[in-house]
Amino acid sequence: MEHGIIQIRKCNTNLKETVAHAVFQVYKKAEKKNIYIEIQELPNLEKAIPHDTNWICESIYNLLDNSIKYSLYGSKILITMTNNEMFTEICVEDFGIGIREGEENKIFQRFYRGDNAAGQEGYGMGLYITRDIIQKHDGFLRVRRKKQGLSIIVLPLRLDGRTVDTQFLELLLQTLGLAEKRFQMPNTLSGGQQQRVAIARALITRPAVVLADEPTGNLDSRTSLAVISLMKSLSEKFHQTLIAVTHSHEIAQMADQIIRIEDGKICGEE
C-alpha cells in the first residue's frame, strides 16, 4: 500500500454489475457452507456511477469473503444497495460470529485479528485494503455490531461524479477540531463532536443555501465563534445564503440581517 499499488481509474459503469461480479467470485466458497447471498437494490441503480470496477469489486469481494469465513453453515448474507442525492450506499450484512465491543475501529487496522478470529485463515489485510480502496473513492466504511453478525456499510460513490476537495475538507476538519477524529465511528464521538461532524457535512458540498438550526448549541464559546466565523466567511466566498437560528445574542450580531421571533411571530427586524 505504501508504494501506491492501488491506483484508481474511474469510469461510468453500472454498479450492480460490479457487485454481481464480486458475488460470482465468492459463489463457490458460499456454496460449500450452504450460505445464501441475497442482493437488494433500488430500481434507479441502473444509472452508471463513476468508480473503478476492478478495485470496487475487490473491496466488495473482501467484505463477502470475510462474511463467509465467519458465518455459520446454512446462514445468509444480505447485500443492500441504496442511494440518495449524493452517495450510493452498499451494505454487506451477515449473521455470523460478529466482533466484540470496541473492535469497530480496530478491524480495519493492518494485520489486526479479532478475538473471535482465532483458528480462521487470513492475515488481517482484507479489511485494511478495502478501507484504502474506499478512501481513494472519497468514501468511508461504517461498522454496526449486531446481536448476531456484523454489518459493514460502504459509502464510496458520488452520483454526480464530482471528487471531494481534499484541501477544503482538511480546512473544515482543522477548524472544527476533527482532524484527529476522521476515522472514528459516530458512537465514539461526544455530542459536541457529532454536531461538528454535522456542520462539516453541511458545508463540504458548498450548497447555495445553508439552513443551520442552533449550529453551535453543544459547542463551547471559543469553538462556537470559530464555527460561525467559518460559516460566514465561506458563505461570502462562495456566494451562499446562510440562515441560522440561534438564541445567542453574540452570534446573532454577526449576521447581516436579524429577524427576531417570539411565540412563533416576527416581532422585529434589524
(message) Test of understanding: with side-chain hydrogen bond (donor to acceptor under 3.5 Å, both in side chains), list the residues that count as partners of D263, not counting sequence neighbours.
(response) none
(message) Once side-chain hydrogen bond (donor to acceptor under 3.5 Å, both in side chains) is applied, do any residues pair with E170, and if so which ones, sequence neighbours excluded?
(response) Q174, R182
(message) Please enumerate all residues that pass side-chain contact (heavy atoms from CB on, under 4.5 Å) together with T246, with sequence neighbours excluded.
(response) E214, S248, I251, A252
(request) Linking directly or through intermediates, with side-chain heavy atoms under 4.5 Å: list the remaining ILVMFWY members grouped with V209, chain and number order. (result) L211, I243
(request) With side-chain contact (heavy atoms from CB on, under 4.5 Å) as the test, would you mind laying out the steps for T13 and I56 before giving the verdict? (result) CA-CA 11 Å; T13 311; I56 289 295; over 6 Å; no
(request) Please go through Y73's hydrophobic cluster and name the other residues, only I, L, V, M, F, W, Y counting, with side-chain heavy atoms under 4.5 Å joining them. (result) none
(message) Less than 4.5 Å apart, side chain to side chain, heavy atoms only: is that true for Y70 and D94?
(response) no
(request) Spell out, yes or no, whether L78 and I60 are grouped together once hydrophobic residues are joined by side-chain heavy atoms under 4.5 Å, including indirect joins. (result) no
(message) I need the minimum non-hydrogen distance between Q7 and W55, along with the two atoms involved.
(response) O-NE1, 3.4 Å
(request) State which residues pass side-chain hydrogen bond (donor to acceptor under 3.5 Å, both in side chains) with E17; sequence neighbours excluded, sorted by chain then number. (result) none
(request) Taking all heavy atoms of C57 and all of Q25, pick out the closest pair and write down the distance. (result) SG-OE1, 3.8 Å
(request) Using salt bridge (charged side-chain N to carboxylate O under 4.0 Å, His left out) as the criterion, list what pairs up with E270, not counting sequence neighbours. (result) R260
(request) Give, for atom CD of E93 and atom CD of Q40, the distance between the pair rounded to the nearest 0.5 Å. (result) 9.5 Å
(message) Rounded at 0.5 Å granularity, tell me how far NE2 in H51 sits from OG1 in T18.
(response) 3.0 Å
(message) Just verifying a value: how many Å separate Q135 CD and T130 OG1, rounded to the nearest 0.5 Å?
(response) 11.0 Å
(request) Count the heavy atoms belonging to other residues, nucleotides or ligands that lie under 6.0 Å from CD of E250, then report whether that count exceeds 12. (result) no
(message) According to side-chain contact (heavy atoms from CB on, under 4.5 Å), who are the partners of S229, at least two apart in sequence or on a separate chain?
(response) M254
(request) Determine whether more than 12 heavy atoms belonging to other residues, nucleotides or ligands lie under 6.0 Å from atom CD of Q253. (result) yes
(request) List the steps, then state whether side-chain contact (heavy atoms from CB on, under 4.5 Å) holds for L64 with I79. (result) CA-CA 9 Å; L64 291 172; I79 304 173; 3.7 Å; yes
(request) State plainly whether one hydrophobic cluster holds both V210 and V245, where clusters connect Ile, Leu, Val, Met, Phe, Trp and Tyr through side-chain heavy atoms under 4.5 angstrom apart. (result) no
(request) Could you check if a side-chain atom of F95 sits within less than 4.5 angstrom of a side-chain atom of L72, using non-hydrogen atoms only? (result) no
(request) Specify the closest pair of heavy atoms between V92 and S67, including all atoms of both residues, with the distance to one decimal. (result) CG1-OG, 3.7 Å
(message) Taking I39 as the starting point, is it possible to reach F24 by hopping between hydrophobic residues whose side chains are less than 4.5 Å apart?
(response) no
(message) Applying a strict under-4.5 Å side-chain criterion to I, L, V, M, F, W and Y, I'd like to know whether L242 and L171 cluster together.
(response) yes
(request) Kindly determine whether T80 and E89 satisfy side-chain contact (heavy atoms from CB on, under 4.5 Å), including the steps that lead there. (result) CA-CA 8 Å; T80 307; E89 174 182 297; over 6 Å; no
(request) State the OG-CD1 distance between S59 and I134, to the nearest 0.5 angstrom. (result) 4.0 Å
(request) Under the side-chain contact (heavy atoms from CB on, under 4.5 Å) rule, collect the residues that match up with A30, sequence neighbours excluded. (result) I35, I37, I68
(request) Indicate yes or no for a side-chain donor-acceptor contact from H137 to the backbone of D52 under 3.5 Å, with no hydrogens or angles considered. (result) yes
(message) List the residues meeting salt bridge (charged side-chain N to carboxylate O under 4.0 Å, His left out) with D256, not counting sequence neighbours, and say none if there are none.
(response) K232
(request) Give me the other members of the hydrophobic cluster that Y36 sits in, counting Ile, Leu, Val, Met, Phe, Trp and Tyr linked by side-chain heavy atoms under 4.5 Å, directly or via other members. (result) none
(message) Can you confirm whether Y27 is buried at OH, in the sense that more than 12 heavy atoms of other residues, nucleotides or ligands lie under 6.0 Å from that atom?
(response) no
(request) For N66, check side-chain hydrogen bond (donor to acceptor under 3.5 Å, both in side chains) against everything at least two apart and list the hits. (result) none
(message) Could you report the tightest heavy-atom contact between E58 and I133, atom names first, then the distance?
(response) CG-CD1, 3.9 Å
